[in-house]
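Heads up, the thing below is written out as structure tokens.
Atoms within a ligand are numbered from 1 in the order they appear, just like the ligands themselves.
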Amino acid sequence: MSGTSTRPGLMRGIGIGRGTAVGPVLRMPDPVPDPSDRPSALAPAEEQARATEALVATAAQLRERGQAAGGTAAEVLDALAMMAEDPALAADVQHRTEDGATAEFAIHAAMTTFRELLAGMGGYLGERAGDLDDVARRAIARLQGLPAPGIPESATPFVLVARDLAPADTATLDLDRVLALITTDGGPTSHTAILAREKGITAIVGASDAAGLVDGDLVLVDAENGAVELEPAQERIDLARQRTATLQAIRAASTGPGRLADGRAVPLLANIGSPESAREAAARGAEGVGLFRTEVLFLGAEKAPSVDEQAATYRDVFAQFPDQKVVVRVLDAGADKPLAFLTDQGEENPALGRRGLRALAAHEEVLRDQLTALATAAASSEAHVQVMAPMVSTAAEAQYFRDLAHELGIAVAGVMVEVPSCAIMADHVAANADFMSIGTNDLTQYVFAADRLLGTVSAFQDPWHPAVLRLIEQVGRAGAEHDVPVGICGEAAADPRLAVVLVGLGATSLSMSSTSIADVRAELALRTFAEATELAALALGADSAESARAAVADRIATWPPPVL
Ligand code: PEP
Ligand code: MG
């Protein structure tokens, strides 16, 4: 791509977090397409030589990367290199080239066979099956003269620009190198965005104009304003740095449990997806966990994990929160988080398909195993463990889940309210749940019929919209009437001003990526409950997300500014 002058100087997207960053762009290469099975025009010996060279070079590259990275990454990459050098694989590739396949297709087909073999073995080897795809794609990219897939390498820090990132890529981003992340696709609640928030990466998602950025472009990434500036002036850079410093001062001044200015407690809990993020959340002062996304642990697994395997991981997480609440969500498989052992293949609209509790009820043995593992781990821990079910759409489902959880030894069982029918029937749902936790990400997606992963409709994915707030208010009211706590665990809780509005709508606790806790704590401390209620009424009465935001900002501007 060329012609900087024709590209916009200012690109807009949805900012994640409040950070800013300045640096040169590096683009993530596009995925390598699967090779076709057309017969080779070359002699088998030539194809064989191409395949051998590609596999040997891929192994060498992986080792080199591993040595440069050190630690666990070195072990992981060395294991991948050994896969590329496997003699049985080489023999299979040779056999296929002798039969007339291209080197690309021979590697692709041989790796696929091996992957299925490994997956069938289950356990640790089964979990590594997906790694073979990575090795195959690297070798095929080399054969086709394409850049190696995955995060690009650079000795100097850079701003990563990608269409979207796989969860594994986001999770392994090297924060010393990646200054910020820009995706052209994806919405604010895509899992890329959630992981970015969890890791505290300055990110802009759904910035479709950023598709025109090329390697080496200097950009200013301003997450708070959802803006990417191309070739920014020095004073813009200075201003951004000043803002970052002010923000850091506000965060440093905010400590202790979450409470409003009048002393009313609003526990600030963390959204986590692994024992590692649990440790980070505890270190950042989370008062417990409001959403433990257990499916994240098993995204690559081909088979359902055993009870013992699960219990060990849950114990590790619970140990971080003695005497505190840990709300575990049972596996939320489907749509953007398919699990091979739970998700139906080939649904045309997986977000509307058999996902969440629907998939678990269809495979009740998986749900029973998970609840048993959780009860076992909870029994030997000091955490106050509660469970909740994702994608509940009726009061009958809430009752089914609570009965099963109680039967298997878990005393507190609630539901996520993220399907509009569940919010609309909240009074009946509340009668069948020990607590409710509103998932604003899916709730917004379903209220607007706008795929949360799709950049082209990401403008709809705005929880400030009164259409969403009215449902939240209804759930808050039902919770108060039935004396059932109402938490918020969608990304909306991480937006400091919206967090105040949510408390005014009846939320009794807020759960978010732990990197957002300090900002939310600081904002809550400025407002009384009466003020939160007033702001909530203003937002509810607006006719759009923009006017709800503006009404709240205008009212806050009439109150005295915070004293730092
Ligand atoms: C939600 O939908 O708001 C939620 C918290 O769950 P997830 O983002 O994992 O779907
Ligand atoms: Mg959800």
* Asked: Between L268 and M512, is any pair of side-chain heavy atoms under 4.5 Å apart?
  -> yes
* Look at the rings of H465 and F448 and say which category their plane angle falls in: under 30° parallel, 30 to 60° tilted, over 60° perpendicular. => perpendicular
* Is E364 atom CD crowded by more than 12 heavy atoms from other residues, nucleotides or ligands, each under 6.0 Å away? -> yes
* Which of the atoms of ligand 1 are close to G439, meaning less than 4.0 Å from one of its heavy atoms? -> 1 (C), 2 (O), 3 (O)
* Structure fact -> Per-atom filter on ligand 1: closer than 4.0 angstrom to a heavy atom of K337 are 7 (P), 9 (O), 10 (O)
* Asked: the Mg ion (ligand 2) to D332: any N/O/S contact under 2.8 Å?
  -> no
* To do: Just let me know how R293 lines up against ligand 1, side chain, backbone, both or neither, with a heavy-atom cut-off below 4.0 Å.
  => side chain
* Pair R402 + D434: basic N to acidic O under 4.0 Å -> yes
* State the atom name: nearest N, O or S atom of D442 to the Mg ion (ligand 2). => OD2
* Asked: Should R355 be counted as touching ligand 1, given the test is an N or O pair under 3.5 Å?
  -> no
* **Lys/Arg N to Asp/Glu carboxylate O, R368 vs E407, below 4.0 Å** => yes
* Structure fact -> Honestly, for M512 the part within reach of ligand 1 (heavy atoms, under 4.0 Å) is neither
* **Derivation and outcome, side-chain contact (heavy atoms from CB on, under 4.5 Å), residues T376 and R315** => CA-CA 9 Å; T376 312; R315 252 184 231 113; 3.9 Å; yes
* **Contact check, side chains of P390 and R355, non-hydrogen atoms, under 4.5 Å** => no
* To do: Please name the pair of heavy atoms, one in M391 and one in D332, separated by the smallest distance, quoted to 0.1 Å.
  => CG-OD1, 3.8 Å
* Does the pair D369 and H363 meet the rule for a side chain to side chain donor-acceptor pair (under 3.5 Å), with working shown? -> CA-CA 10 Å; D369 278 359; H363 298 268; over 6 Å; no
* Work out whether the distance between some heavy atom of Q445 and some atom of ligand 1 is less than 4.0 Å. => no
* Asked: Of all the atoms in ligand 1, which lie at a distance below 4.0 Å from a heavy atom belonging to L291?
  -> 5 (C)
* Which N, O or S atom name in E418 marks its closest approach to the Mg ion (ligand 2)? -> OE1
* Asked: Can you find a pair of side-chain heavy atoms, one from I204 and one from T183, that are under 4.5 Å apart?
  -> no
* **Numbered atoms and elements of ligand 1 in range of M416, under 4.0 angstrom, heavy atoms** => 4 (C), 5 (C), 6 (O)
* Shortest non-hydrogen contact between A278 and F321, atoms and distance -> O-CZ, 3.5 Å
* Between T440 and ligand 1, which part of the residue brings a heavy atom under 4.0 Å of the ligand: side chain, backbone, both or neither? -> backbone
* Enumerated ligand 1 atoms positioned under 4.0 Å from heavy atoms of G490 -> 3 (O), 5 (C)
* To do: Check ligand 1 against C489 and write out every atom of the ligand that is under 4.0 Å from a heavy-atom position of the residue.
  => 5 (C)
* Could you say whether the N/O atoms of E295 and ligand 1 ever approach to under 3.5 Å? => no
* To do: Report, in ascending order of atom number, the atoms of ligand 1 lying under 4.0 Å from any heavy atom of R452.
  => 2 (O), 7 (P), 8 (O), 10 (O)
* Is the closest heavy-atom distance from E491 to ligand 1 below 4.0 Å? -> no
